[in-house]
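Proteins get letters first, then strands, A, B, ... in listed order; numbering begins at 1 in each. These numbers come from the heavy atoms of this one structure, side chains and all, not from hydrogens, waters or symmetry mates.
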Amino acid sequence: MPTADPLPRAFYDRPVRAVARDLLGRVVRHTSPEGPVAVRLTEVEAYAGAHDPGSHAFRGRTPRNAVMFGEPGHVYVYFTYGMHWCMNLVCGPPGKPFAVLLRAGEVVDGHDLARVRRPSARAARDLARGPARLTVALGVDKRYDGADATDPSSALVVLPGPARRPARGSVRSGPRVGVAGAGAARPWRYWLDGDPTVSAYRPAVSRRRPVAASGTLDPSSLPGEPQRGATAP
DNA sequence: CGGCCGATCCACT
DNA sequence: GTGGATCGGCCGA
C-alpha cells in the first residue's frame with residue numbers, strides 16, 4: 001500500500017456539507033509512541049457555524065471553540081458529558097466556524113492497539129463506532145485541539161483513503177444525533193449505507209431532574225416528537 | 001434488542 | 001447552577 005500525503009488545506013476550504021460527504025471513506029491516522037491506529041470514516045456530521053443552532057459556535061467565539069474560527073484542516077477537540085472527547089475537522093475560510101464531527105469509522109490499522117484502548121468493545125466494529133469511541137480508539141484527546149491535520153509531519157492526519165471512493169448512492173443523510181431544537185431538523189449527518197460501524201441513531205433527549213412535587217404530570221410539556229431520519233439505520 | 005439511567009466535570013449562563 | 005454533538009451496564013421482554 002503506497003504512502004499518501006494528507007488531504008491538503010484546500011480540501012477543507014469548501015462548503016462544510018460538501019466536505020462532510022467527501023470525508024466518508026477517508027482515513028484518519030494517529031501515530032503515537034505505541035504505534036499507529038487508522039480509522040476509515042463511515043459517519044460524520046456537518047456543523048454550520050454561527051447560523052446553526054446545533055453548533056458550538058452558534059453563540060459566538062469562546063475559549064473552547066476558538067479553533068473553529070481558525071484555519072481549515074485543523075482539529076477541534078471538545079470535552080463533553082464529563083468524560084468524553086470528540087473531534088472535528090475545521091472547514092471553510094478562517095473566521096467562519098464550520099466543522100465536521102467525526103462520528104464513527106472502521107479501524108483499518110493498529111487493530112490490536114485499538115483493542116487495548118477500547119477494552120469494553122465486544123466486536124471489532126464497535127472499536128470506533130461513536131464519536132467518543134473513535135477518539136479513544138485513535139488515542140486523541142485535548143492535546144490535539146488545534147492540531148494541523150494537513151501537515152505531513154503531524155502525528156494526526158487525514159489521508160485520502162482508498163482510491164475507489166464510496167459510490168454516490170451509498171451515502172445517506174439524516175438528522176444529527178443528539179441535536180435538539182431548530183437545528184435538529186437539518187439532515188446534516190452523513191453515513192455509508194449499510195456499514196456496520198455506523199453508530200446507532202439517538203434523538204436528542206433533555207434530561208430534566210425529577211420534580212419533587214407529584215401529581216402535576218404534564219404530558220403536553222414534552223417537546224415535539226423526535227424526528228427519526230427517514231432512512232436512518 | 002430496546003429502554004432507562006448514572007457517571008463525571010467543564011463551559012457557559 | 002445547569003446541562004451537554006456520549007457511553008456502557010442493567011433490566012425486562
Side-chain angles (χ1 to χ4, degrees), chain A residues 16-17 19-20 23 28 39 41-69 75-91 97-105 114-115 117-146 173-191 196-212 221-223 225-229 232-233:
Chain A
V16 64
R17 294 171 61 191
V19 178
L23 277 169
V28 185
V39 170
L41 298 174
T42 59
E43 180 190 357
V44 298
E45 283 176 355
Y47 285 84
H51 302 290
D52 177 1
S55 171
H56 287 171
F58 182 59
R59 292 185 166 77
R61 182 174 178 149
T62 67
R64 177 174 70 155
N65 66 25
V67 170
M68 269 201 284
F69 289 78
V75 181
Y76 165 49
V77 180
Y78 69 90
F79 183 68
T80 192
Y81 288 103
M83 66 197 89
H84 299 304
W85 299 99
C86 298
M87 70 178 287
N88 296 250
L89 292 163
V90 176
C91 300
F98 302 145
V100 174
L101 171 69
L102 309 186
R103 285 201 54 89
R115 285 207 87 95
R117 290 176 175 153
R118 293 258 311 118
S120 66
R122 301 294 191 113
R125 67 173 170 274
D126 293 326
L127 287 171
R129 187 176 188 242
R133 294 164 168 183
L134 180 145
T135 61
V136 171
L138 283 171
V140 166
D141 59 24
K142 74 174 175 194
R143 291 171 299 166
Y144 288 92
D145 189 36
S173 68
R176 294 173 294 185
V177 176
V179 173
R186 294 161 200 206
W188 293 351
R189 173 186 182 225
Y190 300 94
W191 68 91
T197 65
V198 172
S199 72
Y201 176 72
R202 287 187 180 78
V205 180
S206 77
R207 295 166 191 287
R208 274 180 223 175
R209 288 170 188 276
V211 188
S221 69
L222 292 170
E225 197 63 11
Q227 308 82 334
R228 298 195 158 270

Select one nucleotide: of dC10(B), dT6(C), dA5(C), the one nearest the side-chain heavy atoms of F79(A).
dC10(B)

side-chain N/O H56(A) vs dA11(B) OP1/OP2, d < 4.0 Å:
no

Any side-chain N or O of T80(A) under 4.0 Å from OP1/OP2 of dT6(C)?
no

If you pin S55(A) and D126(A) to their nearest nucleotides in DNA chain C, which one's is more 5'?
S55(A)

My understanding is that only one of T197(A), V198(A), L41(A), V44(A) makes a side-chain contact (heavy atoms from CB on, under 4.5 Å) with W191(A); could you say which?
V198(A)

Taking OH from Y81(A) and P from dG9(C), how many angstroms apart are they, rounded to a whole number?
18 Å

Counting only side-chain heavy atoms from C-beta out, which of dT8(B), dG8(C), dA5(C) sits nearest to S120(A)?
dG8(C)

Quick one: does Y78(A) reach the base of dA5(C) with a side-chain donor-acceptor pair under 3.5 Å?
yes

Mind checking if R64(A) touches a base, just sugar-phosphate, or nothing, with heavy atoms under 4.0 Å?
sugar-phosphate

Can you name the one residue among E43(A), R129(A), R133(A) that meets side-chain hydrogen bond (donor to acceptor under 3.5 Å, both in side chains) with S199(A)?
E43(A)

dT6(C) phosphate, OP1 or OP2: any side-chain N/O from R103(A) under 4.0 angstrom?
yes

How do A121(A) and V179(A) order along DNA chain C: which one's closest nucleotide is nearer the 5' end?
V179(A)

Runs of at least three consecutive Watson-Crick or G-U pairs, both distances under 3.5 Å, are what I'm after; which ones involve DNA chain B?
B:1-7 with C:6-12, B:9-12 with C:1-4

Does atom CZ of R125(A) have more than 12 heavy-atom neighbours, drawn from other residues, nucleotides or ligands, at distances under 6.0 Å?
no

Which label fits Y78(A) and H56(A): parallel for a plane angle under 30°, tilted from 30 to 60°, or perpendicular past 60°?
perpendicular

Can you confirm whether R59(A) is buried at CZ, in the sense that more than 12 heavy atoms of other residues, nucleotides or ligands lie under 6.0 Å from that atom?
no

Side-chain heavy-atom pair R186(A), D52(A) within 4.5 angstrom cut-off:
yes

Mind checking R122(A) for me? I need base, sugar-phosphate or nothing, with any heavy atom below 4.0 Å counting as a touch.
nothing

So what does G54(A) touch, heavy atoms closer than 4.0 Å: a base, only the sugar-phosphate, or nothing?
base

Could you check which of dA5(C), dA7(B), dG8(C) has an atom nearest any side-chain atom of R118(A)?
dG8(C)

Would you say the side chain of Y47(A) lies within less than 4.5 Å of the side chain of V16(A), judging by non-hydrogen atoms?
no

Quick note, R133(A) side chain, CB onward, closest among dA5(C), dC7(C), dC10(B) is dC7(C)

